[in-house]
Trainee: 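The structure follows.
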Amino acid sequence: MPQYFGKLPTTDQPWTTIDSVQVVDRGEQTIDFECGISRLSISVLAQNLIRVRMAPRGDFQPRRSWAVTLDDGEWAKVPFDFRETDTTIEIETESLRVCVERQTCRITCFDKAGRSFAQDADVGMGWRLGAVAAWKQIEVDEHFYGFGERTGFLDKLSEVKTNWTMDALDYGSLTDEMYQAIPFFIALRPDLAYGIFFNTTFWSRFDIGAEQPGVLKMETRGSELDYYIIYGPEPAEILHTYTHLTGRMSLPPKWALGYHQCRWSYESESIVYELAQEFRSRQIPCDVIHLDIDYMRGYRVFTWSPKRFPNPAKLIGDLADNGFKTVTIIDPGVKYEPEADYHVFDQGLENDYFVRKADGQLFHGYVWPEKAVFPDFLRSSVRQWWGDLHKSLTDIGVAGIWNDMNEPAIDDRPFGDAGEKIWFPLDVIQGEKGETENVPVSSSATHAEVHNLYGLTMAQSCAEGLRRLLGNERSFVLTRSGFAGVQRWSSVWMGDNQSLWDHLETSLPMLCNMGLSGVAFVGCDIGGFAGNATAELFARWMQVGMLYPLMRGHSAMSTARHEPWVFGDRVEKICREYINLRYQLLPYIYTLFWEAATTGAPILRPLLYHFPNDPKTYTLYDQVLLGSSLMAAPIYRPGVEHRVVYLPAGTWYDWWTNERYTGPIHILAHAPLERMPLYVRAGGIIPMQPVMQYVDERPLDELKLRVFPGTGEYTLYEDDGHTFEYQRKVFATNDYRVFSNEEQTVVEIAARKGNWTPPTREIVVEVVGVGEQSFPDDGTSRSLSYRTID
């Protein structure tokens, strides 16, 4: 068989389309349609969720469970109406109606108002050698979001998006394949939204009206069509259902929400000590220091350089005593050393854990340790072994793991030579080999099917290993590559960006589209990884980075240093102020992580998420909401000190001046270098804490509620911040409400609920522009009144 290293096979054969419906068979949950030699299946899984499958030759493949957490039969049975006419078959739930035309087998969905969505185009469904596809109509005023990790603007209408994980070094606004492959999108128009999860791990592609205006094409190189349609009518409901389907994140340790500092590389322990001392002496909060590849001995994973890091246990312990957590990088490439007594290679070879080519030979490529072999993370025994290897790190205090190069990124010759990027041959068989009992047939597959899963399964092995090794302590996992459902195992950063203004600008739509793809814990390298940031760019990027769910500064070895103090006193002060603000907002941000873990809601949100019926938000990519209340309008161009800001319907307050605006309105915001425009919706309640140099510096002795007059509600979530006790219901919530009553603003505080008690503290309730009151927090309910005169 041919072994494709750099290119995927293509075909230009004509498409064969599905025949008319000939036989209909209604089951308890699924309706099957015989269409000549083909078979169509529609399953009703929830009131707003259906699954569509089409087998060109009539036989469905065994179910794959790599992204979807629930099999069809594991969903609670949903009642639905079933009707047949001479021309159609209709399925109707409380939320939607699905119509299948007998003659063409085309599918159309309708909401309760009779508006069509996810409607098959004239072609409908078809196949040809090595590919299967579906065509959908793009409705007037419909816009498209999600698609995982994507550069460019927020709305992806008229673009082509390919799902095939790649090392996207030097990516730009026109880059297609990226580190992450998440075949999911949300379509939005006024009063209606739906999502489609294309359930294929093979190479796949969305053409969103680029080739044929008005038509969306979904194509995969798998053998059958399989996709889920999720009705909204708003993005929040879609993401709630989508993350129920593909899983949700668990709560990270609270320290992971603090500021992270990284560089390729802090190449010796003395430099790391100096780095830590600079943060503490300059009073710039920081919780995490990352160690890149140069901490290893010759880039061998799970080793330490005896020269540069002679006593890693002492270093990590000293950092911990000073409030720093240590995160170390791990790559999948294992140095090929058959006679060097390298335990990782020896164990992997002895147990046959590495990927082999179809002829049985070890596959090898070139990465940092030069010639390397690669674990087959699709196998449970390999994931167990790899996860347990982290014990050498956790035993000396490493608190989190950063997975890199796991697309996988491989060269065909040593780094530094003129080579090409490659991946495993597509005919390589990965997965279980029968070493465990009751192994399903579907647990092995060719690399053509599972290429997109390599980063996901590496992150899974890491997360599961840390859970075993750390017991009740939460860990932090970061990955560069992943697939749908990666949120279950890891946070994600957007790879090797550059110190360019347009990379600062594009970071917001990139992260928002990741959030709209179910991955909430995301970030970009602040300041840019490659190249040298100017002082102005770094200051503006730190302001934006304060909003990132993952706030990490990172830079490459070939660049100038990018720590907050290297750009002079003015920029250092700006960095300190915005990192301080991040730490003050941690109660608010931590609650957003709880929302993400329980509902799938993004943390960083485009305005369309909360204003889905306002078309002005549909292409607005350079303003974002942190949660539902706090909106930012960053500066992303050099020399700019004013910008237009759109305020949607409602009342908005300027965070800095308390000035009030009534939307919808465009305003001109003044933004000198020291200020990023921030606004809060009326009725917003923002919990804040005192500035700390790291999350656990001291118990939280004061909680301030910054309340913006209006009508609103808010729930604060709290737990111990570092253990899994919250999964055993050891947490607390507090419900707050604000409203106006004649000439008074009233803040109602309900009694605290839950099994966790915060430390002794004072509660300060500030009604912005009016005044504040304080009291000891005893967990009881209170009602506070503030006299206001408009």
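Residue numbers run from 1 in the order of the sequence given.
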Trainee: Can you find a side-chain donor-acceptor pair between Thr715 and Glu595 that sits under 3.5 Å?
Mentor: no

Trainee: Can a cation-pi geometry be assigned to Arg706 and Tyr588, taking NZ or CZ under 6.0 Å from the six-membered ring centre and within 45° of the ring axis?
Mentor: no

Trainee: Count the heavy atoms belonging to other residues, nucleotides or ligands that lie under 6.0 Å from NZ of Lys729, then report whether that count exceeds 12.
Mentor: no

Trainee: Taking all non-hydrogen atoms of both residues into account, name the closest pair between Ala276 and Leu319 and its distance.
Mentor: CB-CD2, 3.7 Å

Trainee: With sequence neighbours excluded, what pairs up with His390 under the side-chain hydrogen bond (donor to acceptor under 3.5 Å, both in side chains) test?
Mentor: none

Trainee: Just by modelled atom types, is the Tyr717 backbone N or O under 3.5 Å from a matching donor or acceptor in the Thr591 side chain?
Mentor: yes

Trainee: Between Arg248 (side chain) and Ala597 (backbone), is there a donor-acceptor pair under 3.5 Å?
Mentor: no

Trainee: Could you check whether any side-chain N or O of Ser204 sits under 3.5 Å from a backbone N or O of Thr201, counting only pairs where one atom can act as donor and the other as acceptor?
Mentor: no

Trainee: On the 0 to 90° scale, with breaks at 30° and 60°, tag the Trp385-Tyr353 ring pair as parallel, tilted or perpendicular.
Mentor: tilted

Trainee: Less than 4.5 Å apart, side chain to side chain, heavy atoms only: is that true for Glu74 and Thr69?
Mentor: no

Trainee: Once you measure the plane-to-plane angle for Phe147 and Phe206, does it fall in the parallel (<30°), tilted (30-60°) or perpendicular (>60°) bin?
Mentor: perpendicular

Trainee: What are the two closest heavy atoms between Ala445 and Val450, and how far apart are they?
Mentor: CB-CG1, 3.7 Å

Trainee: Over 60° means perpendicular and under 30° means parallel, so tell me whether Trp255 and His260 are parallel, tilted or perpendicular.
Mentor: tilted

Trainee: Give the ring-plane orientation class for Trp386 versus Phe302, where under 30° counts as parallel, over 60° as perpendicular and anything between as tilted.
Mentor: perpendicular

Trainee: When you compare the side chain of Leu511 with that of Leu547, does any pair of heavy atoms fall below 4.5 Å?
Mentor: no

Trainee: Check each of Asn406, Asp404, Asn403 against Thr479 using the side-chain hydrogen bond (donor to acceptor under 3.5 Å, both in side chains) test, and report the only one that passes.
Mentor: Asn406

Trainee: For the pair Gln487 (side chain) and Gly247 (backbone), establish whether a donor and an acceptor sit closer than 3.5 Å, ignoring hydrogens and angles.
Mentor: yes

Trainee: Output all residues satisfying side-chain contact (heavy atoms from CB on, under 4.5 Å) with Asp167, sequence neighbours left out; order by chain, then residue number.
Mentor: Leu169, Tyr179, Glu407, Ala409, Lys421, Arg480

Trainee: Would you please classify the geometry between the Phe197 ring and the Tyr242 ring as parallel, tilted or perpendicular, with 30° and 60° separating the classes?
Mentor: perpendicular

Trainee: Parallel, tilted or perpendicular: which fits the ring planes of Trp75 and His244, with parallel below 30° and perpendicular above 60°?
Mentor: perpendicular

Trainee: Within a strict 4.5 Å, meaning less than it, do heavy atoms of the Ile289 and Thr326 side chains meet?
Mentor: no

Trainee: Can you name the one residue among Arg467, Arg468, Arg383 that meets salt bridge (Lys or Arg N to Asp or Glu O under 4.0 Å) with Asp388?
Mentor: Arg468

Trainee: With side-chain contact (heavy atoms from CB on, under 4.5 Å) as the test, would you mind laying out the steps for Met249 and Phe593 before giving the verdict?
Mentor: CA-CA 9 Å; Met249 64 180 287; Phe593 273 78; 3.5 Å; yes

Trainee: If we only count heavy atoms from C-beta on, is the Met692 to Leu700 side-chain gap below 4.5 Å?
Mentor: yes

Trainee: Under the ring pair (Phe, Tyr, Trp, His ring centres under 6.0 Å) test against His554, which residue among Tyr266, Trp402, Trp264 passes?
Mentor: Trp402

Trainee: Can you spot which of Trp164, Phe202, Phe483 makes a ring pair (Phe, Tyr, Trp, His ring centres under 6.0 Å) with His451?
Mentor: Trp164

Trainee: Taking the side chain from Ser491 and the backbone from Val477, do they hold a donor-acceptor pair closer than 3.5 Å?
Mentor: yes

Trainee: Is a donor on one side and an acceptor on the other found under 3.5 Å between the side chain of Ser517 and the backbone of Gly148?
Mentor: yes

Trainee: Is the backbone N or O of Phe731 less than 3.5 Å from a side-chain atom of Asp719, with the two atoms forming a donor-acceptor pair by type?
Mentor: no

Trainee: Quick one: which of Arg728, Arg474, Lys254 gives a salt bridge (Lys or Arg N to Asp or Glu O under 4.0 Å) with Asp720?
Mentor: Arg474

